[in-house]
There are 2 protein chains.
Amino acid sequence: MPRTYAHPDPEDVKLPRVLFALSDPVRLEMVRILADREAVNSLDLGPGMPKSTVTHHTRILREAGVTNTRPEGRNCWISLRRDVLDVKFPGLVDVVLAAGTDT
Amino acid sequence: MPRTYAHPDPEDVKLPRVLFALSDPVRLEMVRILADREAVNSLDLGPGMPKSTVTHHTRILREAGVTNTRPEGRNCWISLRRDVLDVKFPGLVDVVLAAGTDT
DNA sequence: TTTATTGTTCGATAATTCCCGAACATATTG
DNA sequence: CAATATGTTCGGGAATTATCGAACAATAAA
C-alpha cells in the first residue's frame with residue numbers, strides 16, 4: 001500500500017482546518033481512540049466501517065496536521081501529533097478530549 | 001426585523017457543531033471581534049460583506065450555540081455565549097482566541 | 001508463487017455549505 | 001404616511017464533503 005504520506009509542516013498547520021477536522025463525530029471519535037494509545041492501526045479507528053471511509057477520514061485528519069501516519073509493512077500506524085498541536089494550540093486537544101462523547 | 005431567535009439550550013450545544021462553526025475563517029474572525037466587546041451589531045461582524053452573507057454566518061454561530069442574538073429595535077446585538085461555552089468546553093474559547101489570526 | 005491482508009484510489013451519488021443578489025419584513029425617522 | 005436603515009428569507013449556482021462499492025497496489029504469509 002502506501003509508500004509515503006504527506007504531512008503538513010508545523011507552520012502550515014492552521015486552526016480553521018484543524019477545527020474542521022475535529023468537527024466531525026466520526027473523526028472526533030478517532031481522536032478519542034488515539035488519545036490513550038501511542039499509535040493505532042488505521043482500520044482500528046473505524047471499527048465496522050468501510051475501508052474507503054476510514055481512509056477518507058484519516059486523510060482529512062492527517063492533512064490538517066492532527067495525526068501522523070507511519071506505514072509499516074502493510075499497516076498504517078496512526079498517532080496524534082500532540083507535539084505540534086500542543087505547541088501551536090495549547091489546550092485544544094485537552095479541551096476536546098475532556099468533552100464527553102455525547103456533548 | 002427579527003422577532004425572536006432560537007438558541008439551543010446549553011445541553012443541546014454539541015462539540016462537533018461548535019467546532020464546525022469555528023472552523024471557518026470568516027466566523028473565526030467574527031468570534032475574535034466578539035471576544036473583546038460585550039456585544040456587537042451584527043453587520044459590524046462582517047465589514048464590507050453582503051448582508052445576506054453576514055446573516056448566514058451569524059446564524060451558524062447562533063445555532064451552534066456559540067453566540068447569542070438579542071434584537072433591539074432594528075438592530076441585532078450579538079455576543080459570545082461564554083457562560084455556556086466555558087462550562088461545557090472549558091478553555092475552548094481561550095484556545096481559539098489565543099491562536100494568532102494567521103494560524 | 002499463490003493467496004490473503006491492508007489500505008489506497010477511483011468513480012458516483014447525495015447532502016451540505018458557501019456566496020450573494022433580489023425581494024421582503026420590521027422598525028426608526030422625517 | 002413616506003422614506004430610510006437593519007437584517008431576514010428565498011432562490012440559485014459553485015464548491016466541498018460524506019459515504020461506499022469496486023478495482024487496484026503493496027506487503028506478508030502459506
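Source: prediction; values computed, not measured. Sequence lines set the chain letters: A, B, ... in the order given, protein chains first and strands last, and positions in each chain run from 1.
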Name of the residue among Thr58(A), Leu22(A), Ile60(A) meeting side chain to side chain contact (heavy atoms under 4.5 Å, CB included) with Arg27(A): Ile60(A)
Separation of Leu15(A) CG from Leu85(A) CG (nearest 0.5 Å): 10.5 Å
Side-chain N or O of Tyr5(B) closer than 4.0 Å to phosphate OP1/OP2 of dT8(D): yes
5' precedence on DNA chain D between Asn41(B) and Arg27(A) (nearest-nucleotide basis): Asn41(B)
Short side-chain N/O contact to dC20(C) OP1/OP2 from Thr53(B), under 4.0 Å: yes
Note: Lys88(B)-Asp12(B) ion pair, threshold 4.0 Å (strictly below): no
Any Ser52(A) side-chain N or O less than 4.0 Å from OP1/OP2 of dG21(D): no
Distance test, side-chain N/O of Thr55(B) to OP1/OP2 of dT8(D), below 4.0 Å: yes
Of Phe20(A) and Pro50(A), the one whose closest DNA chain D nucleotide lies more 5': Phe20(A)
Under 4.0 angstrom between His57(B) side-chain N/O and dT17(C) OP1 or OP2: no
Rounded interatomic separation in angstrom, taking CE from Met49(A) and P from dC20(D): 8 Å
Distance below 4.0 Å between His56(B) side-chain N/O and dT9(D) OP1 or OP2: no
Polar side-chain atom of Thr69(B) near backbone of Ile78(B) as donor-acceptor pair, under 3.5 Å: no
Length of the CG-P vector between Asn75(B) and dA27(C), whole Å: 12 Å
Between C1' of dC19(C) and CZ of Arg59(B), the distance in whole Å: 13 Å
Value in whole Å for how far the P atom of dT17(C) lies from CZ of Arg17(B): 8 Å
Length of the line joining Leu43(B):CG and dC20(C):C1', which is rounded to integer Å: 14 Å
Length of the NZ-P vector between Lys51(A) and dG21(D), whole Å: 11 Å
Rounded interatomic separation in angstrom, taking CZ from Arg74(A) and P from dT8(C): 14 Å
Short side-chain N/O contact to dG7(D) OP1/OP2 from Ser42(B), under 4.0 Å: yes
Residue pairs passing the salt bridge (charged side-chain N to carboxylate O under 4.0 Å, His left out) test where at least one lies in residues 38-47 of chain A, sequence neighbours excluded: none
Spacing of Asp24(B) atom CG relative to dT17(C) atom C1', expressed in whole Å: 9 Å
